Amino acid sequence: MDPKRSRNSHESVNSSESTRFPDEVLERVLSLLTSHKDRSSVSLVCKDWYNAERWTRTHVFIGNCYSVSPEIVVGRFPAIRSVTLKGKPRFSDFNLVPENWGADIHQWLVVFAEKYPFLEELRLKRMTVTDESLEFLATSFSYFKAISLMSCDGFSTDGLAAIATHCKNLTELDIQENDMEDNGGGWLSCFPENFTSLEVLNFASQQGDVSFDALEKLVDRCKSLRVLKVDKYVKLEQLHRLLVRAPQLTDLGTGNFQQELTPRQCAELESAFSNCKNLHTLSGLWDATSLYFPVLYSACGRLTFLNLSYAALQSGDLAKLLPHCPNLRRLWVLDTVEDEGLEAIGSSCPLLEELRVFPAAPFDLDINRGVTESGFIAVSRGCPRLHYVLYFCRQMTNAAVATIVQNCPDFTHFRLCIMNPGQRDYLTGEPMDEAFGAVVKTCTKLQRLAISGLLTDLTFEYIGKYAKNLETLSVAFAGSSDWGMQCVLRGCPKLRKLEIRDSPFGNAALLSGLAKYESMRSLWMSACNVTMNACKLLAREKPRLNVEVMKDDETDSQVDKVYVYRTIAGPRRDAPPFVLTL
Amino acid sequence: MSKPLEHDYIGLSEASSMERSSDKLSSSSSCTIVSSEDDKNNVLNFKDTDLCLGLPGLGKDLEDKANGYCHSPMKNFVCGSKRGFSDAIDGSRKWVFSVNGGSEVDLGKNAHLLSPKIGKTGLENNSTQQSCLGGTSMNKEVAPCSPQKSVLEKKTHASAPAAKAQVVGWPPVRSFRKNTMATNLTKNNDDDGKSGSGCLYVKVSMDGAPYLRKVDLRTYSNYMELSSALEKMFSCFTIGQCSSDNLPGRDGLSESHLMDLLHGSEYVLTYEDKDGDWMLGGDVPWEMFIDSCKRLRIMKSSEAIGLAPRAMEKCKNRN
């Protein structure tokens with residue numbers, strides 16, 4: 001089934017200077033390489049290695065869909081079976097990118113249909129996917145196995161129906177946190193009766209009912225199902241029926257966890273959970289209270305990832321549950337658990353590596369509930385292995401952050417969101433510069449940083465000076481002058497993604513990165529002090545960058561949004577009218 | 001020619017209520033182009049709630065809300081707000097919407113938090129903004145709708161009005177989570193309501209009754225069913241009143257009497273909605289009602305002066 005290819009065999013026959021692997025051996029070795037970073041390195045060694053690498057690559061990862069064109073991709077890599085594509089800038093998740101911006105998958109599919117008839121997997125993030133595209137996908141690739149859509153938009157459950165109907169070999173249907181139109185749950189019934197290959201089914205973000213009967217039968221006949229995440233309309237007693245048919249699950253997303261059950265039903269559910277010997281990930285738990293937690297206890301001991309971010313639990317609820325989950329590595333909660341809940345985490349989960357605390361009421365500025373710095377400190381004391389944190393809070397101090405990173409110096413991802421923009425250290429009244437200074441000084445492995453609170457250029461000086469492994473930086477309402485951004489651009493050698501909003505960085509800052517942007521994936525600046533002239537200059541000096549400006553006022557020279565990214569595909573051909581490529 | 005808008009606690013005096021209503025309607029109709037698009041994504045369809053009045057004493061709350069982000073601009077502007085007209089123009093820049101749009105763009109360019117930034121984002125997305133702008137040729141005294149707010153609403157989908165201005169995309173929470181939490185909050189915030197997919201219990205109080213009842217709103221499908229259930233529940237408390245009316249004394253209470261009691265002049269059905277406002281039952285579609293209702297109160301018409309002209313008229317008619 002390998003595509004035919006022309007061999008440069010005379011090259012290896014003629015060469016006598018060095019011992020050279022025959023192509024076959026080189027390819028055999030390289031085909032074992034999976035990391036795309038390794039493969040990029042390999043392809044730079046020499047022409048032979050470049051060729052061997054391109055013939056053996058089966059998976060391509062494209063971090064920015066506009067950095068390359070589908071034609072270029074298929075031209076270089078003839079044997080691709082799996083594609084991962086990311087589209088819109090990350091700030092589109094927060095409505096900073098207007099609708100119809102682009103990142104439509106369709107043209108990619110058209111090209112792939114011709115050149116990759118054996119395509120098996122497609123993973124998309126922040127792309128626009130229409131039902132027509134899904135149908136095209138389902139009917140064009142007979143060997144298609146896995147589709148994963150995250151933060152995508154443009155499709156409805158009709159598109160899922162097309163996938164279910166046509167993809168006879170489907171193993172994975174993973175629909176995560178998308179803007180998906182709900183045209184009914186009938187799509188589940190579209191899987192044929194003889195279809196049994198499903199291994200991953202995630203429709204947790206669906207906003208409506210599915211046909212439970214169809215779901216039950218599907219789960220029953222797909223004996224290899226290991227990941228099942230249902231939506232919140234599946235009730236507890238229905239969950240029971242699914243679990244008894246799929247005790248082999250490793251990853252479960254429950255539906256609604258709040259229903260009146262008889263004691264017998266409770267016992268049955270508990271028994272079903274204890275039979276799931278391989279369950280290591282649990283999520284969903286919509287509307288859960290501690291009432292039905294006991295049914296989970298038998299399974300909790302094996303859990304490594306628990307996602308409670310859709311259950312508005314109180315601290316007491318969490319304190320009851322967590323002692324049963326000593327093996328947790330990853331935990332997501334809502335800030336309704338408050339500091340006491342976080343203390344429970346600190347005392348019950350010594351192996352914790354990742355904590356995410358989401359805000360239950362992010363837009364309610366009057367609320368003084370939620371978590372504070374003391375909860376974070378408590379976790380850091382009890383969980384020394386913590387290296388990934390996403391923390392939404394309403395107050396923080398410099399001293400607290402310094403303590404936290406002393407307790408947990410191995411942070412690779414530190415994302416702190418103090419929800420009131422420009423908020424000071426509430427005890428000292430100072431800016432939060434020293435907090436992030438402590439983070440970058442202590443956490444030498446830091447790859448990703450998101451900053452918040454009142455921040456001056458000093459924060460950026462610290463980042464530029466110490467954050468030598470930093471790859472992604474998110475900035476909002478921070479900084480005092482161009483100097484801040486200049487420090488970062490000058491000082492962070494591994495910086496790949498820089499996204500900035502509502503900060504006083506202007507033309508000098510933008511242009512100071514002239515030499516750097518081609519080594520980065522992208523730069524986003526919105527509501528800063530950048531003007532058209534600077535953007536035009538940047539575009540002129542760097543033809544291999546796309547400098548895209550989104551303006552809302554024709555006459556104003558102030559640029560509202562600019563998105564800069566490296567590309568070998570030239571300016572976008574599908575840019576909407578509000579995107580100006582300079 | 002409308003009078004200068006000096007608001008009493010209700011927001012309008014009786015005599016000019018009809019005049020103001022028509023003003024509001026004309027301005028809100030120019031806004032419906034915008035708001036109807038938002039409704040797709042909104043939990044509540046605020047197109048239908050343009051007119052509303054609050055109880056006396058609620059003016060202060062509404063004033064706070066009016067300073068900030070608001071779903072239904074007309075509602076907050078006229079309802080119990082103690083702000084004079086000048087406040088509406090100066091105090092909160094958000095309310096000013098000059099026809100050429102220029103001055104607002106200049107306002108707060110350096111202010112991260114205020115709505116001109118929001119407005120910009122909104123403006124570029126919604127071409128019907130212009131028609132809304134153009135359409136409000138009428139009295140500038142009535143604060144024109146803020147379409148950029150409506151667009152903001154569609155985008156951020158917050159279900160609770162904030163006391164301060166909201167910033168687009170901040171805090172950085174994905175829309176799926178935002179929408180989910182918004183729905184969850186309306187259920188979980190209410191300690192009267194039982195959260196869960198199957199039922200929606202709310203407390204019902206009746207003036208003069210010694211204890212409260214609870215009803216599951218999901219077991220009814222329209223206002224008629226609800227009110228007849230309530231009548232049955234509270235019949236024991238209304239027997240006494242019946243005979244003091246002009247109604248002929250009867251031994252038992254017939255259904256029509258009870259209907260009269262609740263829908264006639266004696267009592268009105270009111271409810272507290274998600275925003276904490278007391279509303280007259282029956283105005284909004286049933287689905288919207290059960291979505292926003294937190295508790296019910298069966299109130300004497302005489303106390304319901306601030307709620308609706310209809311109740312007041314009934315009082316007058318009776319006397």
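Here the structure is a predicted model, which is why all the values come from computation and not from measurement.
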* Measure the spacing between CD of Gln176(A) and CZ of Arg174(B) and express it to the nearest 0.5 Å. => 8.5 Å
* To do: Over all heavy atoms of both residues, which pair between Val168(B) and Asn95(A) is shortest? Give the atoms and the distance, please.
  => CG1-O, 3.8 Å
* Side chain, backbone, both or neither of Phe358(A) within contact of chain B (heavy atoms, under 4.5 Å) -> side chain
* To do: Enter the distance from Asp93(A):CG to Lys178(B):NZ here, rounded to the nearest 0.5 Å.
  => 9.5 Å
* CD/Glu177(A) to OG1/Thr180(B) distance, rounded to the nearest 0.5 angstrom? -> 8.0 Å
* Under 3.5 Å, side chain of Trp170(B) to main-chain N/O of Phe94(A), donor-acceptor pair present? -> no
* Mind checking whether Ser151(A) and Phe176(B) have side chains closer than 4.5 Å, heavy atoms only? -> no
* Structure fact -> Whatever's closer than 4.5 Å to a heavy atom in chain B on Phe392(A) counts as side chain
* Asked: Should the heavy atoms of other residues, nucleotides or ligands under 6.0 Å from CG of Asp182(A) be counted, would the total exceed 12?
  -> yes
* Can you name the nearest heavy-atom pair linking Gly169(B) to Arg501(A), along with the distance? -> O-NH1, 3.1 Å
* Structure fact -> Turns out that what part of Ala204(A) lies under 4.5 Å from chain B's heavy atoms comes down to backbone
* Would you find a donor on one side and an acceptor on the other, under 3.5 Å apart, between the side chain of Arg177(B) and the backbone of Tyr310(A)? -> no
* Asked: Under a 4.5 Å heavy-atom cut-off, does chain B meet the side chain of Gln259(A), its backbone, both or neither?
  -> neither
